[in-house]
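Before any comments, here is the structure.
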Amino acid sequence: MQKNDPAPRYTCNQYREEMILLGLQKRLASPGLTAEERESLLKEIERVEQEMGMG
């Protein structure tokens with residue numbers, strides 16, 4: 001990368017999506033989740049990852 005090349009931009013939305021994803025993953029690791037709660041969290045994680053271009 002040359003000096004005058006702009007650095008990749010890290011936006012507030014990207015930060016927000018990462019924090020949402022981390023929160024969902026933390027909830028998924030919580031003990032005592034029902035099967036329905038676990039499935040719901042997995043679907044939401046997949047949706048957020050798709051939005052972030054990770055999926």
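Applying the salt bridge (Lys or Arg N to Asp or Glu O under 4.0 Å) criterion to E37, with sequence neighbours excluded, gives no partner residue.
To the nearest 0.5 Å, atom CG of residue L42 and atom CD of residue E39 are 6.0 Å apart. Taking CG of N13 as the start and CE of M52 as the end, the distance is 11.0 Å to the nearest 0.5 Å. Note that CZ of R47 and CG of L21 are 10.5 Å apart. Values are rounded to the nearest 0.5 Å. Rounding to the nearest 0.5 Å gives a distance of 8.0 Å between CD of E44 and CD1 of I20.
Sorted by first and then second residue, the salt bridge (charged side-chain N to carboxylate O under 4.0 Å, His left out) pairs involving residues 6-30 (not counting sequence neighbours) form an empty list.
For Q14 (side chain) and T11 (main-chain N/O), a donor-acceptor pair under 3.5 Å exists by modelled atom type.
Atom OH of Y15 is surrounded by 12 or fewer heavy atoms from other residues, nucleotides or ligands within 6.0 Å.
Note on L24 and L33: same hydrophobic cluster, where clusters join Ile, Leu, Val, Met, Phe, Trp and Tyr whose side-chain heavy atoms are under 4.5 Å apart, directly or indirectly.
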*CA sep, side-chain torsions, deciding dist, call: L41, R38, side chain to side chain contact (heavy atoms under 4.5 Å, CB included)*: CA-CA 5 Å; L41 284 170; R38 185 171 184 76; 5.8 Å; no
